[in-house]
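What follows is one structure encoded as structure tokens, with my remarks underneath.
Atom set for the values below is all heavy atoms of this structure, side chains included, hydrogens, waters and symmetry mates excluded.
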Amino acid sequence: MKNKIYTSVLMIVCSLAMYSCKKGSALDPKVEPLTEEKVFADSAMTFNFLNNLYWNTGLDIHQYRNTIGGATGGGPGSSDWNDSFETLTSNAASGYSGQDAFLKGTSTSSSHPLLPMWTLMYRKIRGANKFMANVGASPISAARKKVLSAEARFLRAFYYQMLVRFYGGVQLVGDLVSDDFPTYDYKRNTYKECVDYIAAEYDKAALDLPGSATLEAINYGRATSGACKALKARLLVTAASPLFNGNPASNDGSVLPLIAYSASYDASLWQKAADACKAVMDLPEYNLVVDNSLPAYPGNGFWKLFTSGRKNSEFIFVYNLTKGKVLETSWFPRSISGAGDLTYMNPSQNVVDAFGMANGKLITDNASGYNILDPYKGRDPRFYYSILYNQATMTNRSTTAQTTINIYSDANNNRVGDGLQAYYTKTGYYARKMCNDRVPYTSLTVDRSLPVIRLAEIVLGYAEALNELGQTEPAVVQLNKIRSRAGIEAGTNGRYGIPANVSKEDLRTLIGNEYRLEFFAEGHWYYDTRRWKTAEQTENGNSTLIRAKANAAGSPYPFSYTVENRLEMSFQAPAMYFVPIPLTEILKSKKLLVQNPGW
């Protein structure tokens, strides 16, 4: 039985076409109605039902968020939101304009871009319940049923985790399969109850799921025991973080249990997080992808892990894309892609400034060697694998020759090459993270998956937890696994730019910045700035761009660079720490649902 999961239109149409048209049901599309009995009496339809539940697992990392969320997958029914999740942060600007209202803090409880997540996630949860309740009647073998039921349990936990990351505590519906949800008291469980339930569900699912080492190639992208452990670790790292552990967004007694695991600081939560991360790191099938063997490409492992096939030792749970060049088409400059419309997700100057130097030091460090007149020289190797900047080089559109990307303005601020202009770049940069820029675009085809979670996150989570527990030097050892793989210079002291005797507070800052660089464009920054409760600093103030202009002949530097304000961000606390619960759901609950603070 071929049941490999791809994000193709054909797969979703075929799988949806097999579902009933009951209103509000997990079997929802309005096509030829089929009863549940007929669906689960057929092995192919049973598999397709489960495959459809995987469809939205890539929402945080997919470059076209609405494409896999449907009309309500990434915004209130508008294609204007069809861009990367990263564009809802200070890290990037969208080719569209809808995200700007969110960043300016002007979204309302009826226009919030993530408002549809409540309904979408519960639809998936009810679908998982329906699958577990009915798969027993299918003609599939008993052994396979056991694994598929565990996959459904995993997916139910996954979508609850998405809900909790957005909303805090939510309604836990158990094994309910009713299509008329809710038909009972409709109110939120506490955040702690939700986290504990999700963790326990991952534990249960892991018992019946294969490890990635034994997973057949045709099933790559499906749930594994390692994915359960990794997502549980992410869950516990989040629960231990300041927003949920001692520094809540609100101390209002009516909402506090819904948005915090512990109202007062509890160090034991960091120990639980550390233990969960270590459990994943101890699994033999996962290792960082490391390749520092090519002098011309320091940190080449960071490029290779995204471009060398679907499966590698670092990816733990992935979202498969159909073979092609969809990322390159979305993100590369028009001179390379030949696209006639906008480019998506332009990196901001804010995130560019976060990339340090090859010696591991931040650009604000006087010892870093950073030169504001030559700003792209000697940077962290991950910068060159993530960002296309003025005068960056990459493989030509149609030949193997190297070409220079011109992203600058003339004396009258007119675009030169791929410079600043609507439908080109809004920031003076283009993204190339996860892209293959070493093969001519016209002949490029990539067999790829997008990492929903990978080992580097677990290693950084472990470093973060150790540091919060006061084990700063052991945390440095873990952090340097990431920095070494990135191709950062070890230095004479072998500390990869981290000062000797670094304090807990300073290392916390470095770890936070490491998350930003390592996971740029992977959908992490929105969540991280909230769980750390740093969004009031990082997501406030100017979202900036760079304007490059050619200097006169004979100038010591060929270009001058000016940082300009693109828009003024305004993070509205406490509201923007959580997504508002849809008003329709609050009314449906007869006001038993408590709204999140600030909405």
Side-chain angles (χ1 to χ4, degrees), residues 230 233-234 237 270 273-284 286-295 297-306 312-316 354-365 367-370 378-386 451 453-520 522 524 528 532:
R234 172 188 281 177
V237 167
W270 280 116
D275 293 344
C277 290
K278 188 64 163 58
V280 180
M281 294 166 62
D282 287 344
L283 295 172
Y286 301 120
N287 294 283
L288 296 175
V289 174
V290 178
D291 180 6
N292 284 312
S293 63
L294 302 175
Y297 296 105
N300 189 54
F302 186 74
W303 178 86
K304 184 188 291 185
L305 81 117
F306 300 111
N312 60 58
S313 63
E314 184 167 337
F315 288 177
I316 300 176
F355 282 90
M357 303 298 286
N359 59 18
K361 298 183 184 299
L362 300 175
I363 66 171
T364 53
D365 189 326
S368 70
Y370 175 71
R379 302 294 288 269
D380 181 324
R382 287 171 295 187
F383 171 76
Y384 303 108
Y385 299 133
S386 301
I453 190 166
R454 55 186 175 95
L455 184 63
E457 178 182 346
I458 304 302
V459 175
L460 276 180
Y462 189 48
E464 181 181 2
L466 290 177
N467 188 53
E468 294 304 324
L469 290 167
Q471 300 176 47
T472 298
E473 280 306 306
V476 169
V477 172
Q478 300 304 320
L479 176 57
N480 281 341
K481 292 179 181 179
I482 303 298
R483 292 164 80 86
S484 172
R485 187 273 291 281
I488 290 174
E489 299 160 2
T492 56
N493 61 2
R495 291 181 67 85
Y496 298 90
I498 299 177
N501 303 313
V502 64
S503 69
K504 175 181 177 180
E505 291 72 25
D506 287 346
L507 189 62
R508 180 187 295 140
T509 299
L510 290 174
I511 289 172
N513 198 64
E514 200 75 18
Y515 273 103
R516 188 175 197 176
L517 313 184
E518 180 74 18
F519 301 110
F520 166 69
E522 294 182 55
H524 288 238
D528 287 338
W532 295 326

Are any of the side-chain heavy atoms of [X] and [Y] separated by less than 4.5 Å?
X: Arg234; Y: Val280; answer: no
X: Trp303; Y: Pro381; answer: no
X: Ile458; Y: Val237; answer: no
X: Tyr297; Y: Tyr385; answer: yes
X: Phe519; Y: Leu460; answer: yes

Rounded distance (nearest 0.5 Å) linking atom [atom1] of [X] with atom [atom2] of [Y]:
X: Ile488; Y: Leu517; atom1: CD1; atom2: CG; value: 8.0 Å
X: Trp270; Y: Leu466; atom1: CH2; atom2: CG; value: 10.5 Å
X: Tyr462; Y: Glu464; atom1: OH; atom2: CD; value: 13.5 Å
X: Arg508; Y: Leu510; atom1: CZ; atom2: CG; value: 11.5 Å
X: Asn312; Y: Phe306; atom1: CG; atom2: CZ; value: 9.0 Å
X: Asn300; Y: Leu305; atom1: CG; atom2: CG; value: 10.0 Å

Main chain of [Y], side chain of [X]: is a donor-acceptor contact present, judged purely on distance under 3.5 Å?
X: Asn467; Y: Lys504; value: yes
X: Tyr515; Y: Gly461; value: yes
X: Asp528; Y: Arg516; value: no
X: Tyr370; Y: Asp365; value: no
X: Asp380; Y: Met357; value: no

Does atom CG (Asn501) have a neighbourhood of more than 12 heavy atoms from anything else shown, all under 6.0 Å?
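Not more than 12 within 6.0 Å, no.
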
Shortest non-hydrogen contact from [X] toward [Y]:
X: Ala463; Y: Leu479; answer: CB-N, 4.1 Å
X: Tyr496; Y: Arg483; answer: O-NH2, 2.9 Å
X: Leu288; Y: Leu455; answer: N-CD2, 3.6 Å
X: Pro451; Y: Glu522; answer: CG-OE1, 3.6 Å
X: Phe302; Y: Ser386; answer: CE2-OG, 3.9 Å

Show your working on side chain to side chain contact (heavy atoms under 4.5 Å, CB included) between Ile482 and Arg382 and close with a plain yes or no.
CA-CA 11 Å; Ile482 303 298; Arg382 287 171 295 187; 3.9 Å; yes

Ion pair present between Arg485 and Glu518, side-chain N to carboxylate O less than 4.0 angstrom?
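The answer is yes: the pair qualifies as a salt bridge.
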
Do NZ/NE/NH1/NH2 and the carboxylate oxygens of Arg495 and Glu473 come within less than 4.0 Å?
yes

Dump the intermediate steps for salt bridge (charged side-chain N to carboxylate O under 4.0 Å, His left out) on Glu314 and Lys304, then the final yes or no.
CA-CA 11 Å; Glu314 184 167 337; Lys304 184 188 291 185; over 6 Å; no

Side chain to side chain contact (heavy atoms under 4.5 Å, CB included), that's the test. Do Glu457 and His524 meet it? Break it down for me.
CA-CA 10 Å; Glu457 178 182 346; His524 288 238; 3.1 Å; yes

